[in-house]
Amino acid sequence: MALKTYEEYIESLKKMRPNIYKFDELIEDVTTHPATRNTVEGHSKTYKMLSDPKEKEILTTTSHLTGEPISRYLSIIRSPEDMYANSRMKRHMYHLTGTCTGGRCAGWNAINSMFITTFEMDEKLGTDYHQRFLTWLKDAQSRDITIAGALTDPKGDRTKPPSMQDDPDMNLHVVERRDNGIVVRGAKIMICGVAAANEIFVLPGSGYREADKDYAISFVIPRDIENLTIVETRHPSDMREYEEGFDIPVKDGGITQAFLLFEDVFVPQERVFMAGEFEFSLNAVKYFIAPYRAAIGGCVAGQGDIKIGAAILTARANGLHSKVFSDKITQMHINNETTFGMGIAAAAMGRKHACGAWMPDTLLSNVNKVHVATLPYETSRIAQDIAGGIGETGCMPSYKDFNSEKYGKLIQKYMKAKYSADTRTRAARLVEWTTIGAGVPGCMHGGGSPDGAKLFIKALGGLEQKVEIAKRLAGISEDVKDPEKKK
Ligand SMILES: Cc1cc2nc3c(=O)[nH]c(=O)nc-3n(C[C@H](O)[C@H](O)[C@H](O)COP(=O)(O)OP(=O)(O)OC[C@H]3O[C@@H](n4cnc5c(N)ncnc54)[C@H](O)[C@@H]3O)c2cc1C
């Protein structure tokens with residue numbers, strides 16, 4: 001089986017051991033529980049839509065390993081065109097779900113990172129990680145699984161490396177090496193879409209030195225593996241347990257994040273792709289963030305498209321012509337196309353790695369990350385500006401009050417503007433969902449903090465080269481240097 005149906009995907013989640021909690025309660029079935037079913041439905045679109053040939057073209061590709069049709073989320077990115085397709089698919093997924101399907105996308109980037117990193121490790125160290133990885137990947141493609149990606153450790157004191165922390169578990173690490181695998185302890189936190197995932201791909205959270213080699217680990221595990229406990233975080237989607245009707249504007253989509261608690265989890269050898277090779281940990285992170293930070297521009301552009309549509313629907317429901325907001329809409333378009341286009345540029349300016357994977361340009365990807373941490377907030381601000389108070393904070397009665405026998409008619413009377421109360425409310429709720437509600441993706445910190453991206457930009461920006469250009473043009477022959485540091 002290369003491509004699963006919707007039913008097969010749902011069935012695969014139902015079969016898993018329940019190990020996800022929220023509000024101190026075990027979630028027995030992630031496909032029906034109110035806290036997780038919407039994120040499952042969102043991710044399920046990547047299976048459900050395959051019956052439509054147009055959607056199938058966006059969501060699938062051909063495995064370069066087997067020649068079989070596979071989900072794009074399980075593919076190796078081998079050309080700039082693959083990266084363009086990545087950005088386009090992510091924008092499109094927002095249009096389909098109203099939000100992020102991070103339980104597939106972070107895992108996809110992890111796969112691509114370790115495809116390259118294991119190749120480099122084998123070349124330098126003579127290990128067999130790459131072959132091991134390919135064996136797992138072929139199997140994953142044939143099972144068409146959904147894979148979450150986990151890099152972020154709790155980290156503890158940010159000024160200290162893992163081995164210097166008071167508590168050694170602040171970063172996920174190996175506590176035992178056996179002939180047939182490793183045992184790991186610690187946590188990964190804020191992990192997207194885990195409830196919708198069949199497996200979780202773990203990467204090191206940072207680049208490490210020798211003293212921290214037990215933290216340089218990468219592996220993939222079933223989501224329901226023994227000794228792994230998962231806790232869903234609080235999130236605007238919490239309210240779904242209490243809300244109904246138009247209070248949940250998007251029923252089959254919704255982002256979730258989780259804390260993964262590893263209490264001595266045994267990972268069999270064939271699923272381990274790094275176990276102590278600290279010199280390769282930074283590359284593993286770099287190869288993750290380059291495609292991630294390029295294509296996330298497509299994600300936030302997709303979200304921005306919905307913000308434009310929802311804000312203008314609210315304005316029209318209020319009786320206003322969209323021309324009133326023409327400059328503001330143009331600014332929203334500019335913001336969306338900047339992050340989308342920047343991602344495409346990073347893809348176009350990338351390079352082919354010796355292993356055959358395509359790596360987007362690191363400088364441009366990181367510049368995009370900074371735009372992604374900035375521009376969508378302006379787009380949200382403008383959407384709320386256009387929609388009015390009912391879109392800004394959800395300043396309107398609930399679906400239940402709207403339908404109250406006692407006062408519902410009055411609520412509806414006063415919610416009506418040019419168009420019906422129902423239309424106006426639905427449009428405004430969508431503004432709320434995309435700007436402050438459950439549909440908001442991690443623009444600021446998803447894929448790493450903007451300050452982290454700025455470190456790459458500083459290193460790769462080529463300051464001295466630019467000084468030399470200016471010197472030549474200005475006809476300066478003196479060696480103009482920064483002043484010596486004061487002792
Ligand atoms: C919606 C969302 C989805 C996410 N999904 C995933 C996922 O699927 N998988 C995953 O692995 N992670 C995920 N993350 C986590 C994300 O990668 C992290 O939030 C991000 O890497 C930043 O780490 P942090 O939150 O611990 O922030 P911190 O590390 O605490 O950073 C906070 C601030 O302090 C600064 N800072 C940190 N350390 C230092 C230092 N030593 N010196 C100076 N400044 C410092 C940072 O630049 C930043 O400005 C997600 C996050 C969000 C918000």
Side-chain angles (χ1 to χ4, degrees), residues 39 42-43 73 90 94 99-114 146-162 164-165 170-172 186-197 199-208 212 215 217-221 223 230-237 253-260 262 281 284-289 291-293 295-296 299-300 303 366 369-370 372-374 376-377 380 434-458:
T39 204
H43 286 75
Y73 288 104
K90 286 186 180 159
Y94 268 77
T99 184
C100 164
T101 38
R104 294 212 82 168
C105 121
W108 183 22
N109 285 272
I111 291 170
N112 274 275
S113 160
M114 289 316 289
T146 285
I147 306 166
L151 288 84
T152 309
D153 297 279
K155 297 192 289 261
D157 182 339
R158 268 55 178 166
T159 62
K160 292 181 182 164
M164 300 294 284
Q165 296 289 334
M170 280 301 160
N171 296 270
L172 187 69
K188 291 282 181 185
I189 60 170
M190 300 186 253
I191 309 306
C192 239
V194 173
E199 298 199 2
I200 303 166
F201 205 117
V202 171
L203 246 58
S206 183
Y208 297 123
D212 302 310
Y215 298 86
I217 45 176
S218 172
F219 54 83
V220 63
I221 44 170
R223 187 218 79 202
I230 298 170
V231 181
E232 283 293 346
T233 61
R234 279 206 54 110
H235 196 272
S237 59
I255 184 176
T256 57
Q257 277 82 39
F259 273 45
L260 315 182
F262 294 77
S281 53
V285 176
K286 272 165 57 180
Y287 296 145
F288 176 92
I289 61 180
Y292 190 94
R293 291 178 178 179
I296 195 177
C299 301
V300 298
Q303 182 81 336
N366 281 287
K369 166 70 225 188
V370 177
V372 164
T374 316
Y377 294 91
S380 290
T434 50
T435 59
I436 56 165
V440 178
C443 301
M444 183 63 70
H445 286 295
S449 64
D451 273 5
K454 283 180 188 168
L455 292 178
F456 281 102
I457 297 166
K458 201 169 140 192

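All ligand and atom numbering here is 1-based and tracks the order in the structure.
- Residue, atom and distance of the protein heavy atom nearest to atom 21 (O) of ligand 1 are G448 CA, 3.4 Å.
- For E199 (side chain) and G107 (main-chain N/O), no donor-acceptor pair under 3.5 Å exists by modelled atom type.
- Close approach to G149 involves these atoms of ligand 1, each under 4.0 Å from a residue heavy atom: 7 (C), 8 (O), 9 (N), 10 (C), 11 (O).
- Using a 4.0 Å cut-off between heavy atoms, K155 contacts ligand 1 through its side chain alone, with no backbone atom that close.
- When hydrogens are left out, the protein atom nearest atom 47 (O) of ligand 1 is S449 OG, 3.1 Å; that is the closest non-hydrogen contact.
- In this structure, atom 49 (O) of ligand 1 lies nearest to the protein heavy atom D451 OD2, 4.1 Å.
- Remark: the backbone N or O of V202 is paired with a side-chain donor or acceptor of S218 at under 3.5 angstrom.
- A distance-only check finds no donor-acceptor pair linking the side chain of T101 to the backbone of H43 [under 3.5 Å].
- A donor-acceptor pair is defined here as one N or O able to donate and one able to accept, closer than 3.5 Å; such a pair exists between the side chain of N109 and the backbone of Y292.
- Protein heavy atom closest to atom 38 (N) of ligand 1, with residue, atom name and distance, is R158 CG, 3.3 Å.
- Annotation: C192 places an N or O atom under 3.5 Å from an N or O atom of ligand 1; distance criterion only.
- Side chain of S380 to main chain of P376: a donor-acceptor pair is present (N/O by atom type, distance under 3.5 Å, no hydrogens or angles).
- In K188, neither the side chain nor the backbone holds a heavy atom less than 4.0 Å from any atom of ligand 1.
- Within ligand 1, the atoms closer than 4.0 Å to a non-hydrogen atom of A150 are 11 (O), numbered from 1 in the order shown.
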Checklist entry - Passes side chain to side chain contact (heavy atoms under 4.5 Å, CB included), T233 versus F259? Steps please. => result CA-CA 7 Å; T233 61; F259 273 45; 3.8 Å; yes
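- Given atom 32 (C) of ligand 1, the protein heavy atom at minimum distance is H445 CE1, 4.2 Å.
- Protein non-hydrogen atoms do not reach within 4.0 Å of atom 43 (C) of ligand 1.
- Put simply, the side chain of S281 gets close to the backbone of Y208: a donor and an acceptor are under 3.5 Å apart.
- Q257 places no side-chain N or O within 3.5 Å of a backbone atom of I189 that could act as its donor or acceptor partner.
- The shortest N/O to N/O separation between T152 and ligand 1 falls below 3.5 Å.
- Protein heavy atoms come within 4.0 Å of atom 12 (N) of ligand 1.
- When only non-hydrogen protein atoms are considered, atom 6 (C) of ligand 1 lies nearest to M190 O, 2.9 Å.
- The protein atom (non-hydrogen) at minimum distance from atom 3 (C) of ligand 1 is Q257 NE2, 3.5 Å.
- Ligand 1 has an N or O atom lying under 3.5 Å from an N or O atom of L151, backbone or side chain.
- Which of G205, P450, G442 comes nearest to atom 1 (C) of ligand 1 through a heavy atom is settled by distance: it is G442.
- Residue contact check: I191 has heavy atoms under 4.0 Å from atoms 7 (C), 8 (O), 9 (N), 10 (C), 11 (O), 12 (N) of ligand 1.
- Using modelled atom types, one side-chain atom of K369 and one backbone atom of G448 make a donor-acceptor pair closer than 3.5 Å.
- Atoms CG and CG, on L172 and L203 in that order, are 11.5 Å from each other to the nearest 0.5 Å.
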